[in-house]
Amino acid sequence: MRWLTGWCTGASRAGAGASRAGTPAHETPATVAPIAARPLWTGPDPLWAVGDWRPEEIRLVTLRPGAPAAVSTGPTAPDPVEDTPATTRLAVLGHCGATDAELAAGLAAARGGAVRHLTAWPGSYTVVLRSGTRSTLLLTDLAGALPVFHTPWGGGTAYATAALPLADLVGAALDTGHLAARLACPESPEALGTGTPYLGVQQVPPGQVLGIRGGRPYLSSYDDQAGAEQPRDEAPAVRELTRALLESVRSRVRTTAPVPGPAGRARLGVDLSYGTASATVALLAAAVPLPPVPAAASSGAAVTGTGGARNGAVKGSWARTAVQEPAAPEQLAAVTLGETEPPATLALTPDTPRLRHTVLDPGPDTLPYAGLRTDPQAGRLTDEPGPELVAAARAEARFDAGGTDHLTGYGARQVLDGHPARLADLIRAGRPRELLPPVAALAGADRAVAGVLAGALRTPLTVVRAAHRLSRVRYAEALDDAAAKLTARHVPDGGGTAGSRSAVDLAWCVPGPAARWLSDEALSSVALRLRLAARKPAPEEHPGARRARHALYRQARSFRTLVHAAELPGQRLHAPFLDNQVVRAARLLPDDVRLQPGARHALLHAVLTGAGRTDLPPDWGRGPRPDRTAPARAGLRLAADGLAELFDAPLLAEAGLIDLPALRADLAHASDPATPLSPAALAGLADLVSTELWLRRIRARRHGACWTGLPHPQPPALTP
C-alpha cells in the first residue's frame, strides 16, 4: 500500500498536550513517525511518502521569493532551508502527465488561491499545497479513487491518503455503525456521511479540498462547476470525451518504463473481456508507441526491444505497417480470464499487431472465495472492506499475466452511462418528452430478453410512474420512506425486467443487497441516520445527478480496494475512466444520449472512430455475453465448508450487525446448485463475507504497526 501522511499542529506545536482524539499527553509529533517513510519536507508540519513509490511518481516544486521555481523528481533529500511565510511548496504524487513547466506555472497560479487548475492535468494523482508556515491544502479527485482522510491529533490535525494509518496513530476503535451503513446503504451519503470504519477518522468528500490552518481543518470545493456545467450537443461532447480519454491513456503509455519484476512480464498490459470499456482502452493503448528502454534498464527488463518514437500521433496510427514498426516492437499483454476465443468487442485485425492476447485457464484457485478453502486470514489487509476481497485471487492471476503497468476499464459504466434516476431529472427540468426514447428502449430490451409482451407492456407505465414520483417527492419524505422500508426489510432482490430494476433505482435512497441479512439493531441504526438526515436542508442537486455521482464514488472505492488487495509488487493498476479530465468530459454528454440502453457501447464506438479506428462493425459491443455470476456461484459451492467455518462464530455477529440464522440458511442454499441465488443476493453475500474477512485480518494485526514512537499498541476494539 502506498500512502501519504503528515500533520499540522497549529501555533502551539511544542508541548501540544493531549490530543482531541484521546492521544496521551506524553505523545507529541516530535516522537512519532511512520515506519519506512520517505520525508518530502520536514519541520513542525512534515509530509511523508510511505510505500513503494516509483521515482517519477514523486514530484516536488518549491517557490521562494526572488528565485525561480525548483522542480525535483524522485527520492531527493528534504530541503534543509527553513520555510518562510512567503515559501510555497507543491507535492504531486501518483501518475501525472504535466510537464515540469506546467507544474511550476500551476504552483505560481495557486499562490493566489485558485487551485482547480491543479486537478486538470492528465492522470490520477494527489496534490498537496503548502503555503509558507500558514496553511496546507490537500486536493481529492472527482471520482474518489484517491481519497484524503483526517483526524484530530497532537493539538492539531493529522492527514493521510489512507484511513488505517490514522486509526493506528490515534488508537481509533472500529465504527460498527459505519460498517452497518456500508452494508445497508452503500451509495447513500445520508447514511455514510464522511465517516470511515474507524471512529474519529473522517474522509474528505471527492471533489473537495481539505484545508488546515493553525492546526484546524476546514473543507471547501474546487469543483464549483460540477452542477453548473451544461451538457453540449452530442458531437462536440463526444469529441471532448475522445480527447480526454486519448490523453489519459497516452500519458500512461508514454511514461511506461521497465522496472524490476517477474521475468517475462510485459511493460504494459491491458484487461480484455467482453466489456467494451477494457477493449477500448486496449485498442487506444495499442496505437501509442512505448517509450524507448533506457540502456541501464533494458538488461533486466522483462521484454526487450525499443519502443516507437514519442511523437504523440494517435489518430491514423492503426494503418502503420510492419515495416514502419521498430525491428522488435514490444507487445501489450491483453489478458482474458476464462475465454477460449478473443472477445468480439476487441475486433482483432492485422492492423493491431502489438496486442498479444493471453487467455488464462480459470482453475479452482482463481474462483471467488478460493481463499476460504485455505486460510481466510492469509490475504492482504486493505484500508477498508470491499467485495473485491473475495475475488482477490482471481484478480491477481489476471494482473500477473499482464504488464508492469496494467490498464483497466474500471469506472466506465458509472462515468458514461446515465443512471436511471436521471429520468426524474428530465421531468424536473421540464423535458418530459425526452423520457420517451429511453423508456421505449427499455421496453424493447425487456421484450427481446423475455420474449413475451406482458412485461414489456408494463415497462413504460412502471418507469414513467416511478420517474414522476421521484421528481415530485420531497427529500425529507423520501428519506423517511427509505428508513421505514429498511426497517421492514423491503430490500430489492435485483430480479425482474430491466424496466422494473430501473423503477427501483428511481429513488433518493435504495438499500444495498446485503441489507436483507443485517440484524434489526443494525437496520434501526441506519434508519435513524436516514431520519436525522431528513431533518437537514435538502440538497440543491437533482436526485438523478446525486445518485449517479455516488454510484461513481462507490465504484472508485471498489477500485481502490482492488488495488490494495491484488496489485502485485512493483506493478501499477490504472483506471483511465476515473481520471478527472475524463469525468469532466463525460458530464458534457447530453442526458438523452446517456440514458439509452447500450449508450456506453455507442459512445466508446464513437471514441474509437474519432481516434482513427474506422473498421469496427456497427453492432460492436452489443453481442451476447457470458454469465458474469457463474464464477461466484461456482466459488460459493466449492467454498461451502470454508464459509460454514467462517460464520461459525463471526465477528459480524459479535458486533451485532447480522441476522446469523438467516445468513446461515441462505449460505446453505447457495451451495446447492438446484437453488441458485439471484445476482443481487450474490452481491450481498460478497459484501458480508468480505467484511468478515477484513474484520478478522484487522483483528489479527498489531495495532499501531504503521508508526514508530507509539507506546504499547493495542488491538482495535470491536463493540456493538
For this session: Sequence neighbours left out, what pairs pass salt bridge (charged side-chain N to carboxylate O under 4.0 Å, His left out) with at least one residue falling in residues 383-397?
Result: R182-E384, R380-E396, D383-R560, E384-R560
Exercise. What residues form a side-chain hydrogen bond (donor to acceptor under 3.5 Å, both in side chains) with R373, not counting sequence neighbours?
Worked result: none
Problem set entry | Qualifying salt bridge (charged side-chain N to carboxylate O under 4.0 Å, His left out) pairs, either residue in residues 510-522, two or more places apart | R489-D520
Exercise. Quick one: CD on Q555 to CG on L578, what's the gap to the nearest 0.5 Å?
Worked result: 7.0 Å
For this session: May I ask you to decide if D687's main-chain N or O and S690's side chain share a donor-acceptor pair within less than 3.5 Å?
Result: yes
Exercise. Is any side-chain heavy atom of Y369 closer than 4.5 Å to a side-chain heavy atom of L636?
Worked result: yes
Exercise. Any side-chain heavy-atom pair from C185 and L192 closer than 4.5 angstrom?
Worked result: no
Exercise. Between Y198 and A172, which heavy-atom pair has the shortest distance, and what is it?
Worked result: CB-CB, 4.2 Å
For this session: Mind listing the closest non-hydrogen atom pair of A515 and L486 along with its distance?
Result: CB-CD1, 4.1 Å
Exercise. Can you list every salt bridge (charged side-chain N to carboxylate O under 4.0 Å, His left out) pair that touches residues 202-213, not counting sequence neighbours?
Worked result: none
Exercise. Which residues satisfy the ring pair (Phe, Tyr, Trp, His ring centres under 6.0 Å) test with H95, sequence neighbours excluded?
Worked result: H574
Exercise. Is the closest basic N to carboxylate O distance between D52 and R38 below 4.0 Å?
Worked result: no
Exercise. Do side-chain atoms of R633 reach the backbone of L677 as a donor and acceptor pair under 3.5 angstrom?
Worked result: yes
Exercise. Under the 3.5 angstrom rule, does the side chain of D45 hit a backbone N or O of T9 as a donor-acceptor pair?
Worked result: yes
Exercise. Does anything in residues 145-166 pair up under salt bridge (charged side-chain N to carboxylate O under 4.0 Å, His left out), and if so which pairs, sequence neighbours excluded?
Worked result: none
For this session: Not counting sequence neighbours, list each pair that qualifies as a side-chain hydrogen bond (donor to acceptor under 3.5 Å, both in side chains) and has a residue in residues 637-646.
Result: none
Seminar exercise, completed: Rounded to the nearest 0.5 angstrom, the OG1-NE2 distance for T5 and H150 is 13.0 Å
For this session: Using modelled atom types only, decide if a donor and an acceptor are shared between the side chain of T140 and the backbone of G207 within a distance under 3.5 Å.
Result: yes
Exercise. Any side-chain heavy-atom pair from V526 and L183 closer than 4.5 angstrom?
Worked result: no
For this session: Measure the OG1-CG distance between T176 and L652 for me, rounded to the nearest 0.5 Å.
Result: 10.5 Å
Problem set entry | Residues T196 and Q203: side-chain donor-acceptor under 3.5 angstrom | no
Seminar exercise, completed: With sequence neighbours left out, the residues meeting ring pair (Phe, Tyr, Trp, His ring centres under 6.0 Å) with W48 are W7
Exercise. Is the closest side-chain heavy-atom distance between P206 and L142 below 4.5 Å?
Worked result: no
Exercise. Is there a donor-acceptor contact under 3.5 Å from the side chain of W53 to the main chain of I58?
Worked result: no
For this session: Take L651 and W694, measure what side-chain contact (heavy atoms from CB on, under 4.5 Å) needs, and give me the verdict at the end.
Result: CA-CA 10 Å; L651 293 177; W694 182 80; over 6 Å; no
Seminar exercise, completed: Heavy-atom nearest pair, L169 first then A158, reads CD2-CB, 3.7 Å
Exercise. Considering only heavy atoms from C-beta outward, does the side chain of L506 approach that of R547 to under 4.5 Å?
Worked result: no
Exercise. Roughly how far, to the nearest 0.5 Å, is the CG atom of L693 from the CG atom of L646?
Worked result: 5.5 Å
Problem set entry | Pair R535 + D480, salt bridge at N-O below 4.0 Å | yes
Problem set entry | Gap separating the OG1 atom of T157 from the CD1 atom of I212, nearest 0.5 angstrom | 5.0 Å
Exercise. Do you know which two heavy atoms are closest between C8 and R130, and how far apart they sit?
Worked result: SG-NH1, 4.2 Å
Exercise. Any chance the side chains of R557 and Y553 put a donor and an acceptor closer than 3.5 Å?
Worked result: no
For this session: Find out whether T136 and L47 are in side-chain contact, i.e. whether some heavy atom of one side chain is under 4.5 Å from a heavy atom of the other.
Result: no
Exercise. What pair of heavy atoms forms the shortest contact from R701 to C706, and how long is it?
Worked result: NH2-SG, 3.8 Å
Exercise. Would you call V491 and P513 a side-chain contact if the rule is heavy atoms closer than 4.5 Å?
Worked result: no
Side chains of residues 657-671: which donor-acceptor pairs under 3.5 Å do they make with residues two or more places apart or in other chains?
residue	atom	partner	partner atom	Å
R664	NE	F647	O	3.1
R664	NH2	F647	O	3.0
R664	NH2	D648	O	2.8
D666	OD2	W517	NE1	2.6
S671	OG	A668	O	2.8

Exercise. Does the side-chain contact (heavy atoms from CB on, under 4.5 Å) test come out yes or no for T126 and V92, once each step is laid out?
Worked result: CA-CA 6 Å; T126 298; V92 180; over 6 Å; no
Exercise. Testing R549, R554, R546, H550 for side-chain hydrogen bond (donor to acceptor under 3.5 Å, both in side chains) with E187, which one passes?
Worked result: R554
Exercise. Under 3.5 Å, is there a donor-acceptor pair between the side chain of T151 and the main chain of L166?
Worked result: no
Exercise. Residues in side chain to side chain contact (heavy atoms under 4.5 Å, CB included) with L219, at least two apart?
Worked result: V204, P205, Q208, L210
Exercise. Partners of Y410 by ring pair (Phe, Tyr, Trp, His ring centres under 6.0 Å), sequence neighbours excluded?
Worked result: F559
Problem set entry | Atom CZ of R501: over 12 foreign heavy atoms under 6.0 Å | yes
Seminar exercise, completed: dist L118:CG -> L139:CG (nearest 0.5 Å) comes out at 6.0 Å
Problem set entry | Considering all heavy atoms, the nearest P492-V510 contact | CG-CG1, 4.1 Å
For this session: Would you please test D223 and R584 for side-chain contact (heavy atoms from CB on, under 4.5 Å) and show each step?
Result: CA-CA 10 Å; D223 196 43; R584 286 190 174 113; 3.9 Å; yes
Exercise. Would you say the side-chain atoms of E190 pair up with the backbone N or O of L479, donor to acceptor, closer than 3.5 Å?
Worked result: no
For this session: For the pair D579 (side chain) and V582 (backbone), establish whether a donor and an acceptor sit closer than 3.5 Å, ignoring hydrogens and angles.
Result: no
Exercise. Partners of R2 by side-chain hydrogen bond (donor to acceptor under 3.5 Å, both in side chains), sequence neighbours excluded?
Worked result: E567
Problem set entry | Contact check, side chains of I35 and V50, non-hydrogen atoms, under 4.5 Å | no
For this session: Check the pair T119, V127 against side-chain contact (heavy atoms from CB on, under 4.5 Å), reporting the backbone distance first and the verdict last.
Result: CA-CA 8 Å; T119 68; V127 174; 5.7 Å; no
For this session: Please determine, by modelled atom types, if H419 and D505 share a side-chain donor-acceptor pair under 3.5 angstrom.
Result: no
Problem set entry | Side chain T161, main chain L4, donor-acceptor under 3.5 Å | yes
